[in-house]
Colleague: 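Please find one structure pasted underneath; my questions will follow.
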Amino acid sequence: MSEVIATNQTILVVGAGISGITAALEAAETGKDVILIEKRPFIGGRVTQLYKYFPKLCYPTCGLEINQRRIKANPRIDILTLAEVTGVAGGEGDYSVTIRQSPRYVNENCTACGACAQAVEAEFEDEFNYNMSKRKGAYLPYNMAYPQRYVLDPRMIGTEDADKAKAACPYDAIELDMTEQELTLKVGAIVWATGWRPYDADKIQPYGHDRIDNVVSSVEFERMMDPFGPTGGKLLRPSDGKEAKDIAFIQCAGSRDRNHLLHCSRICCMATLKQTIYAREQYGDDAKATVYYIDIRAIDRFEDFYRKVQDDEQVRFVKSKVANIEEDKATGNAVCHGVDTEGYHRYANPHDLVVLAVGMEPSVDKDAFPVDVVVTREGFIELDEANGGVFAAGCASDALDVNRSVQSATAAALRAIQVVNRVARAEG
Ligand SMILES: Cc1cc2nc3c(=O)[nH]c(=O)nc-3n(C[C@H](O)[C@H](O)[C@H](O)COP(=O)(O)OP(=O)(O)OC[C@H]3O[C@@H](n4cnc5c(N)ncnc54)[C@H](O)[C@@H]3O)c2cc1C
Ligand code: SF4
Ligand code: SF4
């Protein structure tokens with residue numbers, strides 16, 4: 001592990017999604033020393049797995065690239081990937097934080113040439129594509145990953161494949177004897193930006209995500225659109241590779257439901273409206289989208305986006321909570337069953353593909369925080385004096401879109417700066 005120097009005037013940012021990156025940059029650009037830690041092998045968080053952003057339909061890579069440049073230009077930010085906080089002691093202005101960093105087995109010499117990936121045979125599920133495809137045991141998490149450095153899957157260590165990877169590397173970048181490291185840092189304030197995870201669609205049993213091939217979740221759908229994703233950017237049915245032109249979107253899948261998530265994630269309505277546009281972009285007038293909804297929550301400036309989709313004749317809105325989905329074995333279609341509440345008639349509608357608009361929940365379980373923080377019923381971190389010098393940013397504080405995550409991260413950075421400024425004044 002590279003040497004990391006921290007004092008109680010340093011700000012620790014936990015989680016390097018768009019929120020953590022924003023908080024780190026805002027603090028560092030005012031002259032504060034920042035340590036940014038991320039449990040995955042790359043920074044950027046879940047937006048790296050989105051195809052396009054609503055409302056402007058631009059690519060997330062664009063904003064991420066700008067942030068990467070700002071990070072590279074700022075010597076005040078130290079980044080630790082594959083790292084997690086295991087314990088926090090002390091209080092505001094004087095924290096002692098224990099961090100565990102897993103081995104990457106690849107050092108700074110790596111040029112991302114890819115020779116190691118070609119040399120190995122072992123393949124594992126690709127978590128970046130929500131396990132819809134496989135990747136090699138020596139891999140770059142995704143094409144624009146930062147840092148641009150390969151990773152060796154720990155399950156490969158000790159096998160012949162690991163030796164093959166090392167032998168293939170022309171830059172002496174592979175170190176098979178790297179071990180887990182633990183370090184303790186002194187910091188003054190902590191920005192907690194560990195983000196969200198999609199609600200597990202398999203738990204919504206009537207919708208059959210775990211047993212019907214042509215039922216996917218909204219986050220999986222984002223990956224299907226990506227030219228570097230599991231289907232090379234084509235909307236194809238997982239069951240047989242047929243073009244998926246008739247697509248159903250089911251809102252509130254596992255949200256606003258006392259058996260699953262009680263809260264509304266606020267994002268999934270907009271995500272679906274955006275995804276109907278993906279379908280239209282791909283198949284033009286042949287595309288047909290049906291949105292099954294309870295009510296559409298497109299707030300503030302998003303109302304215009306909603307109207308634009310409503311005006312599209314190829315997009316149909318059905319006010320109904322789908323009761324269950326069955327597979328038609330003969331056609332492979334996913335058949336949605338329910339009652340249309342406008343007219344109260346039963347339907348059994350076949351679709352090529354069904355997309356479940358799953359909700360967002362905090363990525364850290366309620367009872368698994370290594371630091372004392374006040375959380376809501378859902379497990380999002382509250383803004384509370386009892387949290388001392390720990391401030392939540394982005395989706396660690398609520399289900400938010402990128403714009404609101406960035407605002408929340410800037411506010412958290414400001415609060416953290418105020419804490420370390422007080423420390424600096426006290427120390428003269
Ligand atoms: C289907 C879907 C589509 C969406 N589309 C859009 C869109 O088009 N436009 C838009 O504005 N928003 C969209 N969103 C919302 C967007 O994804 C979020 O606003 C954004 O990801 C929030 O960023 P974040 O940094 O708060 O969290 P995350 O992106 O979750 O980042 C958190 C980071 O913390 C890391 N981490 C987690 N736990 C730990 C730990 N213990 N230690 C260290 N690191 C940790 C994670 O690995 C991750 O890198 C969409 C959401 C969904 C569900
Ligand atoms: S580890 Fe070596 S072989 Fe693999 S990508 Fe990096 S430089 Fe190339
Ligand atoms: S944003 Fe829409 S789909 Fe998501 S929980 Fe709220 S109402 Fe349901």
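When a residue number appears, it is its place in the shown sequence, counting from 1.
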Colleague: Mind checking whether S217 and Y207 have side chains closer than 4.5 Å, heavy atoms only?
Modeller: no
Colleague: I need the single residue from N333, D246, D328 that forms a side chain to side chain donor-acceptor pair (under 3.5 Å) with H351. Which is it?
Modeller: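 Testing H351 for a side chain to side chain donor-acceptor pair (under 3.5 Å) against N333, D246, D328 leaves exactly one candidate, D246.
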Colleague: Taking the side chain as every heavy atom from C-beta outward, state whether M224 and L353 have any atom pair closer than 4.5 Å.
Modeller: yes
Colleague: Would Y347 and Y292 count as a close aromatic pair, with their ring centres under 6.0 Å?
Modeller: yes
Colleague: Starting at CZ of R223, measure out to OH of Y130 and round the result to the nearest 0.5 Å.
Modeller: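 That separation rounds to 8.0 Å.
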Colleague: Rounded at 0.5 Å granularity, tell me how far OG1 in T81 sits from CZ in R104.
Modeller: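 If I round to the nearest 0.5 Å, the distance is 4.5 Å.
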Colleague: Set out, in order, the CA-CA distance, both residues' side-chain angles and the distance that settles salt bridge (charged side-chain N to carboxylate O under 4.0 Å, His left out) for E92 and R422, then state yes or no.
Modeller: CA-CA 10 Å; E92 181 176 319; R422 279 199 290 276; 2.9 Å; yes
Colleague: Heavy atoms, side chains only, cut-off 4.5 Å: are L80 and Q181 in contact?
Modeller: no
Colleague: Show the nearest heavy-atom pair for residues I417 and A27, with the distance to one decimal.
Modeller: CD1-CA, 3.9 Å
Colleague: Would you call the rings of F317 and Y293 parallel, tilted or perpendicular, taking 30° and 60° as the class edges?
Modeller: perpendicular
Colleague: Rounded to the nearest 0.5 Å, how far apart are CD1 of I77 and CD1 of I35?
Modeller: 11.5 Å
Colleague: Could you measure the distance from the CZ atom of F305 to the CE atom of M270? Nearest 0.5 Å is fine.
Modeller: 5.0 Å
Colleague: Is the count of non-hydrogen atoms from other residues, nucleotides or ligands lying under 6.0 Å from D372 atom CG greater than 12?
Modeller: no
Colleague: Is it true that the NZ or CZ of K245 lies under 6.0 Å from the centre of Y283's six-membered ring and within 45 degrees of the ring axis?
Modeller: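 Verdict for Y283: a cation-pi partner in K245.
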Colleague: Would you find more than 12 non-hydrogen atoms of other residues, nucleotides or ligands less than 6.0 Å from K32 atom NZ?
Modeller: yes
Colleague: Under 4.0 Å between a Lys/Arg side-chain N and an Asp/Glu carboxylate O for R404 and D398?
Modeller: no
Colleague: For L261, is there any backbone N or O sitting under 3.5 Å from a side-chain donor or acceptor partner on E361?
Modeller: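 Side chain of E361 to backbone of L261, a donor-acceptor pair under 3.5 Å: no, none is there.
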Colleague: Could you tell me whether the side chain of K366 and the main chain of R377 form a donor-acceptor pair under 3.5 Å?
Modeller: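 The answer is yes, because a donor-acceptor pair under 3.5 Å joins these two groups.
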Colleague: K319 side chain to E342 main-chain N or O, any donor-acceptor pair under 3.5 Å?
Modeller: no
Colleague: Can T272 and Q251 be counted as having a side-chain donor-acceptor contact under 3.5 angstrom?
Modeller: yes
Colleague: Less than 4.0 angstrom from a charged side-chain N to a carboxylate O is my criterion; do R197 and D365 meet it?
Modeller: yes
Colleague: Side chains of S265 and Y199: donor-acceptor distance under 3.5 Å anywhere?
Modeller: no
Colleague: Please report whether the ring centroid of F249 lies less than 6.0 Å from that of F221.
Modeller: yes
Colleague: If you define the side chain from C-beta out and look only at heavy atoms, does anything of I381 sit under 4.5 Å from N387?
Modeller: yes
Colleague: As a test of understanding, state which of F42, F228, Y150 forms a ring pair (Phe, Tyr, Trp, His ring centres under 6.0 Å) with Y142.
Modeller: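 With Y142 as partner, F42, F228, Y150 yield a single ring pair (Phe, Tyr, Trp, His ring centres under 6.0 Å), made by F42.
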Colleague: Can you tell if the side chain of R135 reaches within under 4.5 Å of the side chain of D153, non-hydrogen atoms only?
Modeller: yes
Colleague: Please find out if less than 6.0 Å separates the ring center of Y53 from that of Y59.
Modeller: no
Colleague: Give a yes-or-no answer on whether the side chains of Q9 and T7 include a donor-acceptor pair shorter than 3.5 Å.
Modeller: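 No, no side-chain donor-acceptor pair sits under 3.5 Å.
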Colleague: If the threshold is 4.0 Å, N to carboxylate O, is there a salt bridge linking R346 and D340?
Modeller: no
Colleague: Could you tell me if E222 and Y278 have a donor-acceptor pair between their side chains, going purely by distance under 3.5 Å?
Modeller: yes
Colleague: Ion pair present between K308 and D311, side-chain N to carboxylate O less than 4.0 angstrom?
Modeller: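 Here K308 does not pair with D311 in a salt bridge, since their nearest N and O are not under 4.0 Å apart.
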Colleague: About how many Å separate CG of D312 and CD1 of I277, when rounded to the nearest 0.5 Å?
Modeller: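 The distance works out to 8.0 Å.
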Colleague: Report yes if the side chains of Q418 and N421 come closer than 4.5 Å at any heavy-atom pair, otherwise no.
Modeller: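 No, too far: nothing below the 4.5 Å cut-off.
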Colleague: Could you tell me whether D126 and K134 make a salt bridge, using a distance below 4.0 angstrom between a side-chain N and a carboxylate O?
Modeller: no
Colleague: How long is the gap from CD1 on I190 to OG1 on T10, to the nearest 0.5 Å?
Modeller: 11.5 Å
